Asker: 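First the structure, then my questions, so here it is.
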Amino acid sequence: MPSALIEKSFRTKRLPHIWCPGCGHGILMRDVAQAIENCGLDPDKVVIVSGIGCSSRAAGYMNYNTLHTTHGRAIAFATGVKLANPDLHVIVITGDGDCTAIGGNHLIHACRRNIDLTVVVFNNNIYGMTGGQYSPTTPHGEKGTTAPYGNIDYNFDIPKLAEAAGATYTARGTAYHAPQMIKLIEAGIKNKGFSLIEGLSVCPTYYGRKNKKGSAIKMYNWQKDNCVDVKKAEKMTAEELEGKIIIGEMSHSEKPEYTDMYKEIIKKCGGDK
Amino acid sequence: MENNKKLVINPAWCKGCGICAEFCPKKVLQVIHEKVQAVNEEACIKCGLCELRCPDYAIYIEKEGE
Amino acid sequence: MAKRFQLLQGNEACVEGALAAGMKFYAGYPITPSTEIAERSAIRLPQVGGKFIQMEDEIAGIAAALGASVAGLKSMTATSGPGFSLKQENIGYACIAEIPLVVVDVQRSGPSTGLPTSPSQGDYMQAKWGTHGDHPVIAISPASVQETYNLAVRCFNLAEKYRTPVIFLMDEIIGHLREGCELIPAEELEIVNRGDHNVTGMPYAVSEGNYVPEFACFGEGEHYNVTGLFHDVDGFPTNNNEIARNAEQRLMDKIDMNLDDILDWEEVGTEDADVAILCYGGTTRAAKGAIEQAEAEGLKVGLFRPITVWPFPDKAVEELSKKVKHIVVAEHNYGQMLGEVKRVAKDNCTVDFIGKIDGTTLTPADILNKVKEVL
């Protein structure tokens, strides 16, 4: 018998999930469910939309309306769901490749529209499902099966990218810092507008092995030792922050939300009668 | 320690990654033969960190009445 | 109240027909010669409480339309050749996930950017084989503005009834043609809507003798899973070969077992004809002109026009091939439906082709000359 949260929020018959031992995705998926629970959302009105990749298998496990779409297109599908029925709480679970490579265009344009979606990126720094190719978030110099001599691409800072594109809430958390991650997702759900929360995952199988990061436990310890909360980081020097990853709420602003503005258009046209 | 809480392990779902044991503040847990076990249960303070960090939902703190 | 009779472009009639059918959502990306469909949808949808969104690209256009359909709204996206290529992956997704959707392709010359934006029927095969894997296809092709209105309604009805994407295969000629059009109100039309469904936990199960699952829309309380992976009746992915085979078979069967309902064609004067002109969509005007002239010259020429262009009307064309001595296939391409006609006609009659691949259109004289050639 699983815990009350798991029993309520997951399709327990589908568990255990397919993710590898030590993979951070299970932790992040639980964080999403806990945040939904903490926000008190009606499960009938929650829609989880995902794309393709390790992260996107999450949709099949979660006990809501779930839409497992095509590679990169989760945010575009989610935009249709939300605009069609703004009463639905639409949460996108996507990965670093799904969201910022093949789906990068949809990401920035959804940010620009400030449509009320909550996008949680399970960032494992690699294409896991296809066996360890470098992604837009594989750090510069690190390895993947398609970067055998080291990655010469520079990696995205996803919250910064989303903020610049117009998202009204951006944050970064980690699988290790679960209590904080839950709060960040909660804040993203509560934000009436486009929210992006990057969740740094751990991929011991491909990213870890390819880059000699050691066991899953070592990788979680790395997150513990090298992630600095944004408030603490403000008081640190550039030298002190060298090699560190800043986590916490990155930006929060307010502007009219897309489906609200569209409702006004319908009113103006007399379509609400 | 809260008496109305209980540490529960579901070995069927445990993949033996050891994250719970590594970060248990009271060193209650240990992975034995690829499954986690509570080897020092009386020290458990029911903080629930293992539950938060278990990727496989194989360990949790059950509250009474649940 | 909109005027019942209006002078409309085919593209505009497409939108009006879609609205009569209950379209409440449009997502797309601008592309000539289909853009008027987006423009009119942008004006008209909010007037009826519907939603329009211009997406960042063609793929996002179909994706958002599919999302809206899952959330319960009758949805449409429209495009032309290059955009139709981009949408293909998600057309396959809609097939396997069984999401109703109307995809309009106002065909233009290609490949690639081609001759922007001269008329063409070069997407006939793409409408069937554009997306990967085996999948069912319904494609409908109109030959006039009025028919565009009427068939837009039919596309929505078929999409809802069979839970599948329906390709509305228009072409530049019909899309930009202006004719009088009767905007038949919804009350006078047969409209298929998604009904109320019981929560069964088996969203993809079908009742005995039926091929189409009936499941609730998102938000109605049934927490089911929609996926492009092969799935069991419960909606969850499976690697089980037997379940996958049965699922694929049902997808094909739901179309193949309902051909009487899905197929539609126009057949005129073929009973005692020596030659039948076989055409569809934008070539029909020239074919009808050729037949008029042929009659004046005492030639016996009939017309066979598939309206449902996929699935191909095998039986009807086979019968046709037994009635006439010659079939002349007229298409604005290098010969695409031609292959289907030859496959079905076998040696029953001769099958010849007249086409155009230079961006111009067939004239009645072009077709008549071909008819005389084969006689």
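Chain naming here is simple, since letters A, B, ... match the order of the sequence lines and numbering starts at 1 in each. Hydrogens, waters and symmetry mates play no part in the numbers below; they use all other heavy atoms, side chains included. None of the values given here were measured: they were computed from a predicted structure.
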Asker: Taking every non-hydrogen pair under 4.5 Å, which of C/Gly50, C/Gly228, C/Ala97 racks up the most with chain A?
Answerer: C/Gly50

Asker: Select, from A/Lys45, A/Arg113, A/Met62, the one with the greatest count of heavy-atom pairs under 4.5 Å involving chain C.
Answerer: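 Highest number of pairs under 4.5 Å: A/Arg113.
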
Asker: Strictly distance-based, threshold 3.5 Å: is any side-chain N or O of A/Asp98 a donor or acceptor partner for the main-chain N or O of A/Ile52?
Answerer: yes

Asker: Check each atom of C/Ala65 against the heavy atoms of chain A and say whether the ones under 4.5 Å are side chain, backbone, both or neither.
Answerer: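 Nothing of C/Ala65, per the 4.5 Å heavy-atom cut-off to chain A.
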
Asker: If you compare all heavy atoms of A/Pro136 against all heavy atoms of A/Ala101, which two are closest, and at what distance to 0.1 Å?
Answerer: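 Shortest heavy-atom contact: CG-CB, 3.5 Å.
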
Asker: Identify the heavy atoms of A/Thr118 and A/Ile189 that sit nearest to each other, and give their distance.
Answerer: OG1-CA, 3.5 Å

Asker: Side chain from CB out, backbone as N, CA, C, O: work out which of these in C/Tyr224 comes under 4.5 Å of a heavy atom of chain A, or both, or neither.
Answerer: backbone

Asker: Go through the atoms of A/Tyr64 and report whether side chain, backbone, both or neither lie under 4.5 Å from a heavy atom of chain C.
Answerer: backbone

Asker: Quick check on salt bridge (charged side-chain N to carboxylate O under 4.0 Å, His left out): which of C/Lys161, C/Lys254, C/Arg163 does C/Glu98 satisfy it with?
Answerer: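 Going through C/Lys161, C/Lys254, C/Arg163 one by one, the salt bridge (charged side-chain N to carboxylate O under 4.0 Å, His left out) with C/Glu98 is satisfied by C/Lys254 alone.
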
Asker: Does the plane of the ring in C/Tyr204 sit parallel, tilted or perpendicular to the ring in C/His231? Use 30° and 60° as the thresholds.
Answerer: tilted

Asker: Exactly one of A/Val90, A/Val92, A/Leu117 should register a side-chain contact (heavy atoms from CB on, under 4.5 Å) with A/Val81. Which one does?
Answerer: A/Val90

Asker: So which residue, C/Ala63, C/Ala64, C/Gly67, ends up with the most heavy-atom pairs under 4.5 Å with chain A?
Answerer: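 So the answer, after comparing C/Ala63, C/Ala64, C/Gly67, is C/Ala63.
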
Asker: Among A/Ile265, A/Val49, A/Asn63, which residue forms the greatest number of heavy-atom pairs with chain C at distances under 4.5 Å?
Answerer: A/Asn63

Asker: On a heavy-atom basis, which atom in A/Thr170 and which in A/Glu163 lie closest, and how many Å separate them?
Answerer: CG2-N, 3.7 Å

Asker: Kindly give the heavy-atom pair with the smallest separation between A/Ile108 and A/Ala165, and that separation in Å.
Answerer: O-CB, 3.7 Å

Asker: Specify which of A/Thr79, A/Thr69, A/Val47 makes the most heavy-atom pairs with chain C at under 4.5 Å.
Answerer: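 Heavy-atom pair counts peak at A/Thr69.
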
Asker: Less than 4.5 Å to any heavy atom of chain C: does that hold for the side chain of A/Leu88, its backbone, both, or neither?
Answerer: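 It is the side chain, since no backbone atom gets that close.
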
Asker: Any chance the side chains of C/His223 and A/Asp44 put a donor and an acceptor closer than 3.5 Å?
Answerer: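 There is such a pair between these side chains.
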
Asker: Of the backbone (N, CA, C, O) and the side chain (C-beta and beyond), which part of C/Ile53 lies under 4.5 Å from a heavy atom of chain A, both, or neither?
Answerer: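 Both parts, backbone and side chain.
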
Asker: Which answer fits A/Arg11, side chain, backbone, both or neither, if we ask what part of it has an atom under 4.5 Å from a heavy atom of chain C?
Answerer: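 Interface part for A/Arg11: side chain.
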
Asker: Enumerate the residue pairs fulfilling side chain to side chain donor-acceptor pair (under 3.5 Å) with a member in residues 78-88 of chain C, sequence neighbours excluded, ordered by first and then second residue.
Answerer: C/Glu58-C/Thr79, C/Glu58-C/Lys87, C/Thr77-C/Lys87, C/Ser85-C/Gln126

Asker: Count the heavy-atom pairs under 4.5 Å between each of C/Gln47, C/Met55, C/Lys51 and chain A, then report the option with the highest count.
Answerer: C/Lys51

Asker: Could you check which of C/Phe25, C/Tyr93, C/Phe52 has the highest count of heavy-atom pairs closer than 4.5 Å to chain A?
Answerer: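 With the most close heavy-atom pairs to chain A, the winner is C/Tyr93.
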
Asker: Heavy-atom pairs under 4.5 Å with chain A: which of C/Leu45, C/Asp57, C/Val48 has the most?
Answerer: C/Asp57

Asker: Among C/Ile59, C/Ile62, C/Ile43, C/Val70, who wins on heavy-atom pairs under 4.5 Å with chain A?
Answerer: C/Ile59

